[in-house]
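This report refers to the structure that appears directly beneath it.
Residues take their numbers from the sequence shown, with the count starting at 1. Worth knowing before you read on, the calculation uses all heavy atoms, side chains too, and leaves out hydrogens, waters and symmetry mates.
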Amino acid sequence: MKGLKKRRRVQVIVVMAVALAVSTTLVGIAMKDGINFFRSPAQVAEAPPSPAETFRIGGLVEEGTLARGQGETIRFNVTDGAASIPVTYTGVLPDLFGEGEGMVGTGRYIDGTFEATEILAKHDETYMPAEVIDALKEQGVYQPPDAALATN
């Protein structure tokens, strides 16, 4: 009887270990495509990611670079004050998207251009994504919304 209980206990432990390994693998595979790392334009310029890697880039839309091409293709540069990265996007831009405004894009860096599949813009005059604020603070060019109002 003791041998049977011991064998059953070992079987249960082995089945649980296999189930844990399989579930961990499945979660890892599912998350692989869902994780997008954030990079500032300076980080992209210093160490360009591979064309296969999907990531997020954020900063300010550089003044004088917003150009609408034929159809729905839009070209502009995103900057953090230290570097400027050209961006292309095909689609409809958010209403509050414009030059000098904060944005975050998701896409891939291919042949020196960030090809965005999604563009997010601030949703009111004072909002800026936390990642963009952090990147601008690192470069020393961030101005809080209150400071911008005081200079106007």
Side-chain angles (χ1 to χ4, degrees), residues 13-152:
I13 291 173
V14 168
V15 168
M16 288 174 63
V18 169
L20 179 63
V22 168
S23 63
T24 302
T25 301
L26 291 175
V27 167
I29 290 170
M31 288 182 64
K32 181 179 173 186
D33 294 331
I35 296 175
N36 295 323
F37 295 105
F38 178 85
R39 291 191 169 93
S40 69
Q43 290 171 327
V44 172
E46 286 176 17
S50 75
E53 181 182 350
T54 299
F55 65 97
R56 293 174 26 195
I57 190 169
L60 300 174
V61 178
E62 192 170 7
E63 297 285 340
T65 63
L66 184 59
R68 299 184 189 273
Q70 295 205 349
E72 296 178 346
T73 301
I74 294 103
R75 297 179 187 282
F76 60 93
N77 290 356
V78 62
T79 185
D80 60 0
S84 182
I85 300 294
V87 178
T88 61
Y89 175 68
T90 301
V92 179
L93 289 170
D95 290 338
L96 295 174
F97 182 87
E99 292 182 348
E101 303 294 337
M103 61 76 60
V104 174
T106 303
R108 295 181 178 174
Y109 191 64
I110 301 171
D111 296 329
T113 300
F114 183 77
E115 296 181 5
T117 56
E118 179 183 28
I119 297 287
L120 303 173
K122 63 183 190 172
H123 64 271
D124 69 21
E125 292 182 9
T126 59
Y127 174 76
M128 190 174 296
E131 295 97 341
V132 174
I133 291 173
D134 292 342
L136 293 173
K137 281 181 179 178
E138 283 182 22
Q139 301 304 320
V141 295
Y142 176 71
Q143 290 183 352
D146 297 331
L149 295 174
T151 59
N152 289 338

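Counting only heavy atoms from C-beta outward, the side chains of I119 and P94 approach each other to under 4.5 Å.
In terms of the side-chain hydrogen bond (donor to acceptor under 3.5 Å, both in side chains) criterion, residue partners of T90 (sequence neighbours excluded) are, by chain and number, T73.
Between the CZ atom in F76 and the CD1 atom in I85 there is a gap of 12.0 Å [rounded to 0.5 Å]. Interatomic distance, L93 CG to M103 CE, rounded to the nearest 0.5 Å: 9.0 Å. Distance OG1/T25 to CG/L20: 9.0 Å, rounded to 0.5 Å. A distance of 5.5 Å separates OG1 in T88 from CZ in R75, rounded to the nearest 0.5 Å. Once rounded to the nearest 0.5 Å, the distance linking CD of E99 with CG of L60 reads 11.5 Å.
Taking the six-membered ring for Trp and the full ring otherwise, Y89 and F97 have centroids separated by 6.0 Å or more.
Although no hydrogens or angles enter the test, the distance criterion places no donor-acceptor pair under 3.5 Å between the side chain of S84 and the main chain of N77. Remark: side-chain polar atoms of Q43 are paired, donor with acceptor, to backbone N or O of S40 under 3.5 angstrom.
For the side-chain hydrogen bond (donor to acceptor under 3.5 Å, both in side chains) condition, no pair includes a residue of residues 109-119, sequence neighbours left out.
Listed here is the closest heavy atom pair of R108 and E53: CG-O, 3.5 Å. Closest heavy-atom contact between F114 and G107: CZ-N, 3.1 Å. Of all non-hydrogen atoms in I110 and P51, the two that sit nearest each other are CG1-CB, 4.0 Å. A pairwise comparison of heavy atoms in V78 and P41 identifies O-CG, 3.7 Å as the closest pair.
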